[in-house]
Amino acid sequence: MPVKIDPVPDEPIVVVTFEGHIDLETVRNMFVETAIVFAKFEGDVYRIADIRTADTDFVDIVKMIKAIRDGLPASSIDPRMHGIFVGQKQFARLYADFVKQLGGAPISIFATMEDALEYAHLQLQSAKPTEN
């Protein structure tokens, strides 16, 4: 399978590493598996997708967007879900633009995994209620 799913222990963050061609079935399976991980967390969750060694084409992106619009668990338009891409692939920007048009949260794109993880941690910290 061209996807590896690694939950960050005790945090609502999952790192998903894609390799090779990404198609609808790969994305559908990844959504289902990450939904299972995220079920034990309340509030916002973060999925970091490392796409540096992955590729896809416009037809597959359209199929993914249609499936998301039709309703997939833990999809990119789930209000709890915050997507993050690692990799400066052209299809990442296209996908992010489609998701935004469907009402999903903006998808941030970073060059390194370290930057993506730091961003997710900062977002989680800023969402925590402050103690008086």
Side-chain angles (χ1 to χ4, degrees):
M1 188 154 141
V3 64
K4 179 180 170 194
I5 299 171
D6 294 309
V8 175
D10 303 318
E11 294 190 79
I13 302 171
V14 171
V15 175
V16 179
T17 305
F18 290 100
E19 292 183 1
H21 186 77
I22 304 171
D23 60 11
L24 174 58
E25 197 58 31
T26 302
V27 170
R28 184 187 318 271
N29 291 336
M30 181 272 299
F31 283 161
V32 169
E33 289 184 42
T34 58
I36 293 166
V37 173
F38 290 143
K40 66 181 178 180
F41 294 100
E42 291 187 27
D44 292 347
V45 293
Y46 290 81
R47 180 172 46 230
I48 301 173
D50 185 345
I51 57 170
R52 290 176 288 189
T53 62
D55 209 346
T56 193
D57 55 41
F58 183 76
V59 171
D60 282 320
I61 290 175
V62 170
K63 289 178 185 177
M64 291 173 211
I65 296 302
K66 182 181 180 325
I68 290 168
R69 189 179 58 225
D70 292 344
L72 286 174
S75 78
S76 302
I77 60 170
D78 180 327
R80 295 180 58 212
M81 179 63 52
H82 296 276
I84 302 169
F85 282 130
V86 176
Q88 303 292 325
K89 300 283 188 165
Q90 184 176 5
F91 72 81
R93 178 60 50 211
L94 179 63
Y95 180 89
D97 289 345
F98 275 131
V99 167
K100 188 175 177 184
Q101 290 175 17
L102 291 174
I107 297 175
S108 300
I109 302 173
F110 295 94
T112 69
M113 182 60 67
E114 293 78 18
D115 289 344
L117 281 166
E118 182 177 348
Y119 174 78
H121 285 122
L122 287 171
Q123 294 301 305
L124 287 167
Q125 280 298 109
S126 69
K128 284 185 180 178
T130 57
E131 295 182 25
N132 293 334

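These numbers come from a predicted model, not from an experiment.
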Peer 1: According to a 4.5 Å side-chain heavy-atom criterion applied to Ile, Leu, Val, Met, Phe, Trp and Tyr, with indirect links allowed, do Leu117 and Leu124 form part of one hydrophobic cluster?
Peer 2: yes

Peer 1: Who clusters with Leu122? Use side-chain heavy atoms, under 4.5 angstrom, across I, L, V, M, F, W and Y, and order the result by chain and number.
Peer 2: none

Peer 1: Under the side-chain hydrogen bond (donor to acceptor under 3.5 Å, both in side chains) test, which residues partner Asp57, sequence neighbours left out?
Peer 2: none

Peer 1: Apply salt bridge (Lys or Arg N to Asp or Glu O under 4.0 Å) to Glu25 and list each qualifying residue two or more places apart in sequence or on a separate chain.
Peer 2: Arg28

Peer 1: Who pairs with Asp115 by side-chain hydrogen bond (donor to acceptor under 3.5 Å, both in side chains), at least two apart in sequence or on another chain?
Peer 2: Thr112

Peer 1: Side chains of residues 95-111: which donor-acceptor partners sit under 3.5 Å, not counting sequence neighbours?
Peer 2:
| from | atom 1 | to | atom 2 | distance (Å) |
| --- | --- | --- | --- | --- |
| Tyr95 | OH | Ser76 | OG | 2.6 |
| Ser108 | OG | Tyr119 | OH | 3.4 |

Peer 1: Write out all pairs satisfying salt bridge (charged side-chain N to carboxylate O under 4.0 Å, His left out) with one or both partners inside residues 76-92, taking only residues at least two apart or from two chains.
Peer 2: none

Peer 1: Under a 4.5 Å side-chain heavy-atom rule over Ile, Leu, Val, Met, Phe, Trp and Tyr, are Phe31 and Ile48 clustered together?
Peer 2: no

Peer 1: Linking I/L/V/M/F/W/Y whenever any side-chain heavy atoms sit under 4.5 Å apart, do Leu94 and Ile84 land together?
Peer 2: no

Peer 1: Tell me, which pairs form a side-chain hydrogen bond (donor to acceptor under 3.5 Å, both in side chains) where one or both residues lie in residues 38-53, sequence neighbours left out?
Peer 2: Thr34-Arg47, Asp44-His82, Asp50-Arg52

Peer 1: Which pairs of donor and acceptor atoms, one on a side chain in residues 9-17, lie under 3.5 Å apart (sequence neighbours left out)?
Peer 2:
| from | atom 1 | to | atom 2 | distance (Å) |
| --- | --- | --- | --- | --- |
| Glu11 | OE1 | His121 | NE2 | 2.7 |
| Glu11 | OE2 | His121 | NE2 | 3.1 |

Peer 1: Sorted by first residue and then second, give each side-chain hydrogen bond (donor to acceptor under 3.5 Å, both in side chains) pair with at least one member in residues 59-69; sequence neighbours left out.
Peer 2: His21-Asp60, Lys66-Asp70

Peer 1: Do Ile22 and Met64 pass the side-chain contact (heavy atoms from CB on, under 4.5 Å) test, and can you show the C-alpha distance, the side-chain angles, and the key distance before you say yes or no?
Peer 2: CA-CA 10 Å; Ile22 304 171; Met64 291 173 211; 3.8 Å; yes

